[in-house]
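Side chains are part of it too, since the values below use all heavy atoms of this structure and drop only hydrogens, waters and symmetry mates. This one's a predicted model, so the numbers in the text were calculated from it and none came from an experiment. Letters A, B, ... mirror the listed sequences (proteins, then strands); counts begin at 1.
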Protein chains: 2
Amino acid sequence: MNAPIVNPALTKNQALVFDALNRAEGPMSAYTILDKLRDHGFRAPLQVYRALDKLTEFGMVHRLESLNAFVACAHRESECCGAGHGHGHGTVAFAICESCNQVLEFHDHAVDHLLNDWANGKGFKPSKTTIEIRGVCEKCAA
Amino acid sequence: MNAPIVNPALTKNQALVFDALNRAEGPMSAYTILDKLRDHGFRAPLQVYRALDKLTEFGMVHRLESLNAFVACAHRESECCGAGHGHGHGTVAFAICESCNQVLEFHDHAVDHLLNDWANGKGFKPSKTTIEIRGVCEKCAA
DNA sequence: TGGCACACGTTATAGCATAACGCAATTGAT
DNA sequence: ATCAATTGCGTTATGCTATAACGTGTGCCA
Ligand SMILES: [Zn+2]
Ligand SMILES: [Zn+2]
Ligand SMILES: [Zn+2]
Ligand SMILES: [Zn+2]
């Protein structure tokens with residue numbers, strides 16, 4: 001339940017990567033980000049990965065395990081569950097449209113509690129939980 | 001909800017890969033499997049990936065997205081939720097110990113229903129759902 | 001002023017996955 | 001039986017994802 005970092009000062013590279021992700025319609029791979037930032041001086045994957053590591057640590061970016069890609073966090077500030085504490089209270093889930101690549105980010109406290117209960121029952125100590133629903137969004141299903 | 005295949009006849013390569021996964025303590029990457037099967041004539045990654053694709057389709061093997069690795073299904077026959085229908089009734093979840101690499105596979109119908117409810121509310125049509133809890137198992141937490 | 005922490009840049013390498021080709025075995029009509 | 005379609009197989013080559021290892025520079029604070 002580590003408290004997330006709030007409004008950290010970003011370095012130049014971190015800001016560039018975060019900006020690229022925010023402009024993007026959907027998730028981007030590290031290498032796609034690299035290509036978008038070549039004009040800004042990026043030359044090597046590590047420049048992207050290092051920035052992504054930090055941004056993820058700050059809770060500003062999420063990694064989508066089933067895509068090997070990254071998205072900017074969709075909860076700007078305190079959209080739910082109280083003010084200004086990012087995702088510190090639980091697990092984030094994603095619905096990923098395989099047709100238009102749109103990603104919906106959401107919390108489900110009930111799911112979170114159920115999984116935690118299961119873990120407690122087994123003596124398992126969770127550090128990070130991944131929930132990703134692949135499918136087709138409402139628009140694309142029409 | 002597609003009904004899973006029951007007791008399909010495996011080809012030689014599929015049987016070898018499945019066997020390797022069953023013998024293993026934990027998940028294995030495709031390349032690790034390849035190395036284990038070189039003595040049996042395997043020479044190229046595609047031989048492994050093709051077998052894994054089929055075994056996954058059969059529901060006999062699961063891919064762990066957060067590890068880029070594969071495990072044999074831990075529900076031999078009909079351990080829960082009725083007889084002989086594999087995972088057709090819902091989503092599988094995994095608890096992955098980052099210390100000993102043990103993987104616990106389980107269902108949670110309540111979680112499944114909650115996520116489906118969320119999807120229904122959004123008009124999202126799920127095709128595959130990934131739930132993976134990274135952490136430390138009871139033994140390793142001691 | 002020395003030591004430390006941290007971001008950065010670069011080169012090289014490791015690890016994961018698929019494209020594209022051709023051949024062989026199987027199946028299932030006609 | 002025969003042809004066509006399907007499926008699996010083997011091989012080579014390639015592409016995508018991620019990290020190791022090295023050195024540089026900068027700010028901070030005993
Ligand atoms: Zn978020
Ligand atoms: Zn869509
Ligand atoms: Zn299973
Ligand atoms: Zn363990």
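Atoms CD (B:Glu57) and C1' (D:dG8) sit 13 Å apart, rounded to a whole Å. Atoms CG (B:Leu37) and P (D:dC9) sit 13 Å apart, rounded to a whole Å. Going from atom CG of B:Leu34 over to atom C1' of D:dC9 covers 15 Å, rounded to whole Å.
With A:Arg63 as reference, A:Asn68 is the one residue of A:Thr56, A:Thr130, A:Asn68 to meet the side-chain hydrogen bond (donor to acceptor under 3.5 Å, both in side chains) rule.
Other members of the hydrophobic cluster containing A:Leu104, listed by chain and number, are A:Phe106, A:Val111, A:Leu114, A:Leu115, A:Trp118, A:Phe124, A:Ile131, A:Ile133, B:Leu104, B:Phe106, B:Val111, B:Leu114, B:Leu115, B:Trp118, B:Phe124, B:Ile131, B:Ile133; membership follows side-chain contacts under 4.5 Å among ILVMFWY residues, whether direct or relayed.
Two different hydrophobic clusters hold A:Val136 and A:Phe94 under the rule that ILVMFWY side chains link at heavy-atom gaps under 4.5 Å.
Note on B:Lys12: every side-chain N or O is 4.0 Å or more away from OP1 and OP2 of D:dC9.
Applying the salt bridge (Lys or Arg N to Asp or Glu O under 4.0 Å) test to residues at least two apart or on different chains, the pairs with a partner in residues 115-132 of chain A are A:Glu65-A:Lys128.
Close approach of DNA chain C to chain B, defined as any atom under 4.0 Å from a non-hydrogen atom of the protein, starts and stops at C:dC16 to C:dA20.
The overall bend of the helix from C:dT1-D:dA30 to C:dT30-D:dA1, read as the angle between its terminal helix axes built from five base pairs each, is 30° when rounded to 10 degrees.
Proximity of B:His62 to B:Val92: side-chain heavy atoms (C-beta onward) are separated by under 4.5 Å at one or more points. Here the side chains of B:Val17 and B:Phe70 are not in contact, with every heavy-atom distance at 4.5 Å or above.
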*asked:* I need a per-nucleotide contact map over nucleotides 12-25 of chain D, read 5' to 3'. Cutoff is protein heavy atoms under 4.0 Å; write B for the base, S for backbone only, - otherwise.
replied: B----BBBBB----
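Summarising the local packing, CZ of B:Arg23 is surrounded by 12 or fewer heavy atoms from other residues, nucleotides or ligands at distances under 6.0 Å.
When all heavy atoms are compared, the tightest approach of A:Ser29 to A:Ala69 is N-CB, 4.1 Å. B:Pro27 and B:Leu67 get closest at one heavy-atom pair: CG-CD1, 3.8 Å.
The ring pair (Phe, Tyr, Trp, His ring centres under 6.0 Å) search around A:Tyr49 returns none, not counting sequence neighbours.
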